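Naming convention: chains lettered A, B, ... in sequence-line order (proteins, then strands); numbering from 1 in each chain. Given the structure is predicted, the values throughout are model-derived calculations rather than measurements.
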Protein chains: 2
Amino acid sequence: MPNPVAEPQNLRRVGLKVTQQRIRILELLEQSEVKHLSAEDVYRQLLDRGEDIGIATVYRVLNQFEAAGLVRRHHFEGGQALYELESGDHHDHMVCLDTGEVIEFESPEIEKLQEQIAAQHGFLLEDHRLVLFVRKPRPAGRVR
Amino acid sequence: MPNPVAEPQNLRRVGLKVTQQRIRILELLEQSEVKHLSAEDVYRQLLDRGEDIGIATVYRVLNQFEAAGLVRRHHFEGGQALYELESGDHHDHMVCLDTGEVIEFESPEIEKLQEQIAAQHGFLLEDHRLVLFVRKPRPAGRVR
DNA sequence: TTGGGTGCAAATTGTTTGCAATTGT
DNA sequence: ACAATTGCAAACAATTTGCACCCAA
């Protein structure tokens, strides 16, 4: 079975007390269809589920999770930050400009090139952010 | 001579009235040593130069410039957006985690890979954002 | 002259923080 | 029991907006 993230030991492992709220947030991130959620999304969905939680707690917990490496924070387009569960694999994102859909992808080739470029400038690559903004091509022969 | 950006015709070309404020902002972006400035940076520096301008105008003008393709907005780390003159060439950025220094670089190979990846997913690449977070390596043999 | 542009202050949006009450260990 | 965590409301930071006045075309 896949290692479920919303497990008490995962919280203990990173030195966080196992509270209802933290478990609920992890569960939500894990179960959600949409993988990239804003703090507001998390808050609203938990309220909808009948959970008792405050927006401040959501922000605090997401920050702690990020610091602990449990989640990753993104700043695609639009003011708010989006959080996704840190799955371990390094993947980047493609955002459809028409639908807002977020697609994940991996490219070891690009990663390697990034390392090389950093090295060429005398730096060590610690992390990176790559987002492709894309669009469905107009089908051939189809015109407005 | 290199085509100066802070020229009336560049504003007219994109359908914007030629105002003192717009000219001043373009001049500042063009002359500034540091290429990536926040709205606040632009505002303060213009005030320091003795210009009479409001922060709201700076935001409005920078937004118009972005829409017109004259500047590019970035969201590296930290809350605020940074703006840089759109120079035409496609370059990406490397941010030093220790110093905050921003280095620009180009990589046609990475660009090509991006196109391929988008295509593999049935999309057309419209734009992208790539930021490398880097750090100076601890010199060999030197230990804390 | 006149519609776009500006400055000011107030309003929004997204996020953080102080503090008393609550809860996990 | 005791420190960590929570919820609320207030505080913040970055950016946007309403509106009366102003200025480039």
Length of the [atom1]-[atom2] vector between [X] and [N], whole Å:
X     : N      : atom1 : atom2 : answer
B:E51 : C:dG7  : CD    : P     : 11 Å
B:L62 : D:dA14 : CG    : C1'   : 13 Å
B:L37 : D:dA14 : CG    : C1'   : 16 Å
B:R60 : C:dG7  : CZ    : C1'   : 8 Å
A:Q9  : C:dT25 : CD    : P     : 13 Å
B:R24 : C:dT6  : CZ    : P     : 12 Å
A:L11 : D:dT5  : CG    : C1'   : 13 Å
B:D41 : D:dA14 : CG    : P     : 11 Å

Spacing of B:L132 atom CG and A:I117 atom CD1 [to the nearest 0.5 Å]: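 The CD1 atom of A:I117 is 6.5 Å from CG of B:L132, to the nearest 0.5 Å.
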
Just checking [X]: base, sugar-phosphate only, or nothing, at a heavy-atom cut-off of under 4.0 Å?
X     : result
B:I55 : nothing
B:Q21 : sugar-phosphate
A:A39 : nothing

Check: B:F76 ring centre within less than 6.0 Å of B:H93 ring centre: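 Yes, the ring of B:F76 comes within the 6.0 Å limit of the ring of B:H93, centre to centre.
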
Does a nitrogen or oxygen in the side chain of [X] sit under 4.0 Å from OP1 or OP2 of [N]?
X     : N      : answer
B:Y59 : D:dT16 : no
A:T19 : C:dT23 : no
A:N63 : C:dT15 : no

Validation row: B:H121, A:M94 side chains within 4.5 angstrom (heavy atoms): yes

Residue closer to the 5' end of DNA chain D, B:E40 versus B:R12 (nearest nucleotide):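 On the 5' side of the pair lies B:E40.
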
B:A81 or B:Q20, whichever maps to the more 5' nucleotide of DNA chain D: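 It is B:A81, whose closest nucleotide lies nearer the 5' terminus.
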
Check against side chain to side chain contact (heavy atoms under 4.5 Å, CB included), B:V71 and B:E86: CA-CA 5 Å; B:V71 305; B:E86 177 65 80; 5.6 Å; no

Considering all heavy atoms, the nearest A:K35-A:E84 contact: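 Closest approach of A:K35 to A:E84, heavy atoms only: O-CB, 3.2 Å.
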
Nucleotide of D:dC8, D:dT16, C:dG5 approaching B:K17 most closely (side-chain heavy atoms): C:dG5

Residue B:R22, side-chain atoms from C-beta onward, closest of C:dT6, C:dT17, C:dG14: C:dT6

